[in-house]
Amino acid sequence: MPLRVCTIAAEFTPFAKTGGLGDVVAALSKDLHHRGADVRVFLPLYSTIHLEGIEHHAVEFLQDVPVEFGQHSYRVSVHTIRVPRSPLWIYLVDCPAAFDRARIYTNDADEHLRFLLLTRAAFECCQRMDFAPDIVHCHDWHTAFAPLLLRAGYGWNQRLFGATRSVLTVHNIGYQGSFGAHQADDVGVERSWLHQADLLAGRVNPLRQGVIYADAITAVSLTFAREIRTPEGGFGLDGDLRARGESVVGILNGVDYEEWDPSIDRHIPHRYGPDSLADKRRNKHRLLEVMGIPADDAVPLFGMVSRLTVQKGIDLLPGVLPDALASRDMRLVALGSGEPHYEAFLRGLQHRFPDKVVFHCGYNEQLAHWIEAASDYFLMPSLYEPCGLNQMYSLRYGTVPIVRRTGGLADSVQPFDPATGEGDGIVFEHYDANALRWAVGTALDWYARPGLWERIARNGMRADFSWERQGAQYVALYDRLLAQR
Ligand code: ADP
């Protein structure tokens with residue numbers, strides 16, 4: 001009998017993605033399927049998902065299914081859709097009342113209900129499909145009620161769920177999805193199942209509920225798994241995480257090299273590998289030409305692709321980049337969107353250095369690939385970073401990452417040591433402008449030394465973060481949980 005996994009998530013690349021969550025859920029699901037598991041993934045059919053041109057069909061026996069909880073009553077219909085370039089099909093939960101919105105995430109008053117609906121719909125579908133999962137795997141706050149619902153909401157169905165074990169993966173602890181205690185009945189379980197101190201404080205915290213009830217909690221890197229158990233890194237959940245003891249484990253994310261490899265990348269003009277770095281330079285020339293800034297082999301290009309939030313360390317840039325751009329020869333291409341004052345800073349930088357800086361405000365998958373391929377350095381000065389994918393993409397693209405030593409950045413980038421020639425990135429320790437200034441200065445100095453940048457880039461291209469390795473750790477965890485039944 002194959003391993004049966006029910007995955008419930010708010011994002012799945014390429015259908016719905018705002019960051020690493022979508023990439024990881026998709027890649028892990030494909031990897032599990034590849035290993036022979038029966039993986040059933042449930043994702044909302046957001047109105048931003050366009051089904052034209054993608055293989056899909058309605059699931060006949062999952063149409064107009066009532067999903068009722070608290071005072072709320074919805075009807076959902078399920079479509080199945082094929083993941084591009086993969087044999088995996090996933091389920092999209094259609095419910096316009098909840099998912100017909102301009103964006104994946106909203107600030108609407110029913111935000112918690114939208115994802116409770118998704119989570120409950122997944123259980124309802126399992127029942128109608130007569131699918132008894134070995135593992136229910138939920139991701140981040142959106143679906144973190146799944147472990148609780150497995151016991152309190154659907155525990156009566158012992159035949160289907162009696163032996164099911166739950167896993168919560170924490171991709172980002174900064175978002176916990178809290179809502180008011182006056183809406184506690186929306187969860188649709190007795191209040192005694194909810195965290196009492198939170199209720200007294202006037203709120204319900206979905207991520208905390210997941211931490212308390214999941215059979216295992218995974219964090220997306222070993223360092224992040226340590227950090228979230230400390231008061232500095234726990235965002236208020238460190239005590240609950242420490243209380244879970246060995247049920248909390250770190251598993252570094254993998255990279256989907258079918259999507260992120262410069263030798264096969266569909267999005268870039270010139271494909272290349274470690275032995276054809278000249279073609280990487282052609283990507284740089286082409287990008288800068290398209291962007292309208294002069295290209296020069298002797299001048300390094302720094303790339304950035306990021307959500308523009310506090311987490312990503314954007315606050316360090318004003319203390320470093322204007323001076324560096326004014327005094328040194330360098331180029332910067334940044335892609336991202338987020339908080340308006342960060343967007344304004346990058347726009348201002350482009351205005352001040354029109355021959356050196358391009359800021360593309362927005363979300364653009366193709367440009368994200370192209371920036372990885374074209375850049376000599378990738379800037380990722382994160383304040384905190386659970387895992388981070390872009391630095392791992394950068395390594396494969398021979399784009400030397402400049403990172404702060406935090407979370408998954410610490411676990412995936414090895415500081416380059418000119419004395420030994422070992423290492424694949426530039427790593428700084430302290431979250432301050434001086435440290436980043438040192439890192440950017442070092443990058444510029446090393447670029448000027450013949451052959452040195454190539455050495456670091458080639459070292460990075462050898463690093464292997466494939467899901468064959470990382471996926472095996474999830475399977476081992478599932479096996480451990482199932483052995484305890
Ligand atoms: P996070 O999940 O915190 O945003 P990660 O590094 O784990 O950070 O994942 C970010 C993912 O989102 C990468 O695949 C990156 O290329 C993508 N991404 C972020 N911002 C943009 C953007 N503006 N346009 C295209 N892709 C983006």
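Indexing begins at 1, ligand by ligand and atom by atom, following the structure's order.
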**Request:** Anything under 30° is parallel, anything over 60° is perpendicular, the rest tilted; go ahead and classify Trp446 against Phe416.
**Result:** perpendicular
**Prompt:** Where does the angle between the aromatic ring planes of Trp453 and Tyr447 fall among parallel (under 30°), tilted (30 to 60°) and perpendicular (over 60°)?
**Reply:** perpendicular
**Prompt:** Any idea which protein heavy atom is nearest atom 26 (N) of ligand 1, and the distance to it?
**Reply:** Tyr363 CE1, 3.4 Å
**Message:** Taking the basic N atoms (NZ, or NE/NH1/NH2) and the acidic carboxylate oxygens, is any pair closer than 4.0 Å for Asp198 and Arg203?
**Reply:** yes
**Request:** Would you check whether Gln311 reaches within less than 4.0 Å of ligand 1, judged by its heavy atoms?
**Result:** yes
**Request:** Please could you name the atoms of ligand 1 that Gly336 approaches to less than 4.0 Å, counting only its heavy atoms?
**Result:** 23 (N)
**Asked** Tell me: protein heavy atom nearest atom 9 (O) of ligand 1, and distance?
**Response** Gly20 N, 3.1 Å
**Message:** With a 6.0 Å cut-off on the ring centroids, do His137 and Tyr474 count as close?
**Reply:** yes
**Asked** Out of curiosity, is Lys312 lining ligand 1, as in a heavy atom under 4.0 Å away?
**Response** yes
**Prompt:** Quick one: which ligand 1 atoms are inside 4.0 Å of a heavy atom on Tyr393?
**Reply:** 13 (C), 14 (O)
**Asked** Between Cys387 and ligand 1, which part of the residue brings a heavy atom under 4.0 Å of the ligand: side chain, backbone, both or neither?
**Response** neither
**Ring-ring centroid check His369 Trp260, cutoff 6.0 Å** = yes
**Fill in**
Among Asn390, Val220, Leu389, closest by heavy atom to atom 15 (C) of ligand 1 is Asn390
**Prompt:** Can Gln391 be said to touch ligand 1, with heavy atoms closer than 4.0 Å?
**Reply:** no
**Asked** Nearest to atom 20 (N) of ligand 1, what protein heavy atom do you find, and at what distance?
**Response** Ser306 C, 3.8 Å
**Message:** If the contact criterion is a heavy-atom separation under 4.0 Å, does Gly362 count as touching ligand 1?
**Reply:** yes
**Message:** If the threshold is 4.0 Å, N to carboxylate O, is there a salt bridge linking Arg85 and Glu259?
**Reply:** yes
**Request:** Quick one: look up the protein heavy atom nearest atom 24 (N) of ligand 1 and list residue, atom name and how far away it is.
**Result:** Asn364 N, 3.0 Å
**Asked** Do Phe235 and Tyr384 make the cut of ring centroids closer than 6.0 angstrom?
**Response** yes
